[in-house]
Amino acid sequence: MFMLKDGFGRVVENIRVSVTQRCNFKCFYCHREGDNRLTYDEMLPEEIERIIRVAASLGIHGVKLTGGEPLLRSDILEIISRISRIPGINDISMTTNGFLLKDYADDLKKAGLMRVNVSLDTLDAEKFRMITGVDGHESVVNGIIKAAKANLRPVKINMVILKGVNEDEVDDMVRFAGENGLVLQIIEFEWPRIDSVYEKYHADITDIENRIRKKSAKTIIRQMHHRRKYVLEDGTEVEFVKPMHNSEFCLHCNRIRLTSDGKLKPCLFKNNNLVDILSPLRGGADDDKLREAFIEAVNRRRPFFFT
Ligand code: SAM
Ligand code: SF4
């Protein structure tokens with residue numbers, strides 16, 4: 001079995017595919033998957049399928065759909081169902097803001113989506129509006145509950161910790177996750193620069209993690225980024241994502257990204273090393289040529305935080 005390995009010995013097994021740059025929210029902290037270009041050229045479902053087929057032939061087995069907001073794509077079910085038929089792909093998930101999830105959950109499951117991450121930083125409707133610019137808290141909570149009922153398992157809540165905004169809500173969110181059978185993912189605010197936004201909102205989440213660890217019955221170290229997951233006495237799972245200045249995180253990074261306009265992106269934090277795969281595909285390139293694009297992108301991977 002072929003393995004895509006970079007110059008630092010990291011095997012690439014997952015791909016994070018942005019299917020659109022469009023979004024119906026305006027989260028003030030959004031890193032836009034590290035892609036600030038305003039591009040509205042989106043890959044067609046059959047183009048995404050072809051690229052994932054090539055990825056699968058190189059040993060990639062996990063696909064996460066993201067954006068922008070992936071549920072804004074009117075053909076999202078077709079995209080998922082095409083990916084779900086590709087031999088070798090055994091994990092298909094999505095990260096969504098959840099606003100449209102209530103109406104989509106059952107069909108997403110039927111199309112082949114296995115699990116879902118829903119972004120929810122607060123349980124307070126007013127704070128939600130302040131963070132996202134949208135009056136949508138209730139819709140998102142309903143979407144989360146519907147996704148759990150549709151058996152998209154696990155449903156993970158992505159909670160980005162923002163200094164002075166929601167640090168005080170972790171216990172409430174743990175309770176909410178426990179009551180609804182969800183996994184809580186606590187995410188450190190990531191920012192490519194140390195500027196006034198970073199200074200204002202970045203919080204060190206070590207204390208929160210230590211507090212959760214003390215209450216936990218078991219710790220699991222996940223392969224991806226060596227993320228730590230704590231299982232509490234009542235079975236609730238709380239996972240921590242701490243990328244900033246974390247060389248261990250980068251050392252265990254096993255993913256590559258694909259931008260919505262078809263560029264392979266070796267690292268969230270870098271934009272000057274993209275490899276265009278869509279143009280050759282549209283120009284009639286065969287699978288070997290597309291595999292070369294993957295190999296080139298993987299060769300360009302460097303741990304961003306490296307000691
Ligand atoms: N629109 C979808 C959503 O909100 O889930 C998918 C795209 S969004 C860019 C993907 C994930 O990145 C979300 O969970 C979001 O909370 C997270 N995210 C966005 N900006 C971030 C930042 N500056 N630091 C950490 N996580 C961030
Ligand atoms: Fe960014 Fe997602 Fe918020 Fe849209 S919903 S602004 S993509 S974090």
Side-chain angles (χ1 to χ4, degrees), residues 14 16-40 42 63-73 76 79 93-101 104 108 113 115-122 127-137 139-141 143-144 147 152 154-163 165-167 169 173 182-205 208 224-225 227 239-246 249 255 257-260 265 268-269 304-305:
N14 295 291
R16 191 166 171 107
V17 182
S18 174
V19 292
T20 182
Q21 286 276 74
R22 291 173 287 131
C23 191
N24 47 350
F25 282 15
K26 291 189 190 67
C27 306
F28 71 81
Y29 65 82
C30 184
H31 57 29
R32 300 173 59 87
E33 299 289 347
D35 187 4
N36 269 326
R37 297 166 311 134
L38 279 177
T39 157
Y40 294 103
E42 294 175 355
V63 180
K64 168 145 275 160
L65 300 174
T66 180
E69 174 47 41
L71 293 181
L72 290 187
R73 284 274 311 232
I76 191 69
I79 293 171
S93 61
M94 174 188 284
T95 300
T96 169
N97 63 30
F99 188 75
L100 299 169
L101 192 54
Y104 264 110
L108 288 169
L113 192 74
R115 54 194 184 87
V116 71
N117 289 47
V118 187
S119 304
L120 182 67
D121 305 315
T122 176
K127 238 190 252 182
F128 182 92
R129 196 201 322 257
M130 187 280 271
I131 294 170
T132 64
V134 170
D135 195 4
H137 189 262
S139 305
V140 175
V141 170
I144 289 169
L152 287 162
V155 177
K156 286 191 187 179
I157 302 297
N158 284 6
M159 178 188 193
V160 178
I161 300 295
L162 301 160
K163 185 162 73 184
V165 177
N166 63 353
E167 291 158 295
E169 284 198 62
M173 205 59 104
L182 319 165
V183 174
L184 177 61
Q185 192 159 241
I186 295 187
I187 304 173
E188 182 185 19
F189 172 61
E190 308 169 47
W191 207 237
R193 299 168 296 282
I194 309 248
D195 59 9
S196 57
V197 179
Y198 180 86
E199 297 291 356
K200 185 164 180 197
Y201 294 110
H202 179 267
D204 184 346
I205 60 174
I208 299 176
M224 166 86 88
H225 296 140
R227 297 174 181 188
E239 190 172 320
F240 283 81
V241 184
K242 291 167 75 172
M244 293 303 289
H245 309 287
N246 183 351
F249 183 93
R255 66 158 63 135
R257 292 162 182 270
L258 178 62
T259 65
S260 56
K265 183 167 166 39
L268 170 73
F269 291 113
F304 189 78
F305 298 115

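When a ligand or atom number is given, it counts from 1 through the structure's own listing order.
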S.K.: Report the relative orientation of the aromatic rings in H202 and F189; use parallel for angles under 30°, tilted for 30 to 60°, perpendicular for over 60°.
M.R.: tilted

S.K.: Are any N, O or S atoms from C27 nearer to atom 1 (Fe) of ligand 2 than 2.8 Å?
M.R.: no

S.K.: For G68, state whether at least one heavy atom is located under 4.0 Å from any atom of ligand 2.
M.R.: yes

S.K.: How close does the nearest protein non-hydrogen atom get to atom 24 (N) of ligand 1, and which residue and atom is it?
M.R.: E190 N, 2.9 Å

S.K.: Students should be able to answer this: which protein heavy-atom is nearest to atom 16 (O) of ligand 1, and at what distance?
M.R.: Y29 OH, 3.2 Å

S.K.: Any side-chain donor paired with an acceptor under 3.5 Å for E169 and T122?
M.R.: yes

S.K.: Mind checking whether T95 and P70 have side chains closer than 4.5 Å, heavy atoms only?
M.R.: no

S.K.: Suppose I only count heavy atoms of F189 and a 4.0 Å limit; which atoms of ligand 1 are within that range?
M.R.: 23 (N), 24 (N)

S.K.: I'd like to know if the side chain of S260 pairs up with that of E42 as donor and acceptor (distance under 3.5 Å, no hydrogens or angles considered).
M.R.: no

S.K.: What residue and heavy atom of the protein are closest to atom 1 (N) of ligand 1, and at what distance?
M.R.: G68 O, 2.9 Å

S.K.: In ligand 2, which numbered atoms sit nearer than 4.0 Å to a non-hydrogen atom of C23?
M.R.: 4 (Fe), 5 (S), 6 (S), 7 (S)

S.K.: Give yes if a backbone or side-chain nitrogen or oxygen of T66 is under 3.5 Å from a nitrogen or oxygen of ligand 1, and no if not.
M.R.: no

S.K.: Any idea which atoms of ligand 2 are less than 4.0 Å away from a heavy-atom of C30?
M.R.: 1 (Fe), 6 (S), 7 (S), 8 (S)

S.K.: How are the rings of H137 and F128 set to each other: parallel, tilted or perpendicular (split at 30° and 60°)?
M.R.: perpendicular

S.K.: For ligand 1, which is the ligand I care about here, please tell me if S119 has any N or O atom under 3.5 Å from one of the ligand's N or O atoms.
M.R.: yes

S.K.: Among all protein heavy atoms in this structure, tell me which lies nearest to atom 8 (S) of ligand 1, with the distance rounded to 0.1 Å.
M.R.: E33 OE2, 4.0 Å

S.K.: Does any donor atom in the side chain of N24 or E69 lie under 3.5 Å from an acceptor atom in the other side chain?
M.R.: no

S.K.: Atoms of ligand 1 less than 4.0 Å from E69 heavy atoms?
M.R.: 1 (N), 2 (C)

S.K.: Rounded to the nearest 0.5 Å, how far apart are CZ of R16 and CZ of R255?
M.R.: 4.5 Å

S.K.: Side-chain donor-acceptor pair under 3.5 Å between E33 and T66, yes or no?
M.R.: yes

S.K.: Rounded to the nearest 0.5 Å, how far does CD1 of I161 lie from CD1 of I208?
M.R.: 4.0 Å

S.K.: Applying the side-chain contact (heavy atoms from CB on, under 4.5 Å) test to M159, which of I187, L184, V241, L120 qualifies?
M.R.: L184

S.K.: List the closest protein heavy-atom neighbour of atom 11 (C) of ligand 1: residue, atom name, distance to the nearest 0.1 Å.
M.R.: T95 CG2, 3.9 Å

S.K.: What is the closest protein heavy atom to atom 26 (N) of ligand 1, and at what distance does it sit?
M.R.: V160 CG2, 3.5 Å

S.K.: Does an N or O anywhere in R16 fall below 3.5 Å from an N or O of ligand 1?
M.R.: no

S.K.: Are any of the N/O atoms in N158 less than 3.5 Å from those in ligand 1?
M.R.: yes

S.K.: Side chain, backbone, both or neither: which part of T96 has a heavy atom under 4.0 Å from ligand 1?
M.R.: backbone

S.K.: Considering only non-hydrogen protein atoms, determine which one is nearest to atom 21 (C) of ligand 1 and report residue, atom name and distance to 0.1 Å.
M.R.: H31 CD2, 3.3 Å

S.K.: Would you name the heavy atoms of V19 and R73 that are closest together and state the gap between them?
M.R.: O-NH1, 2.9 Å

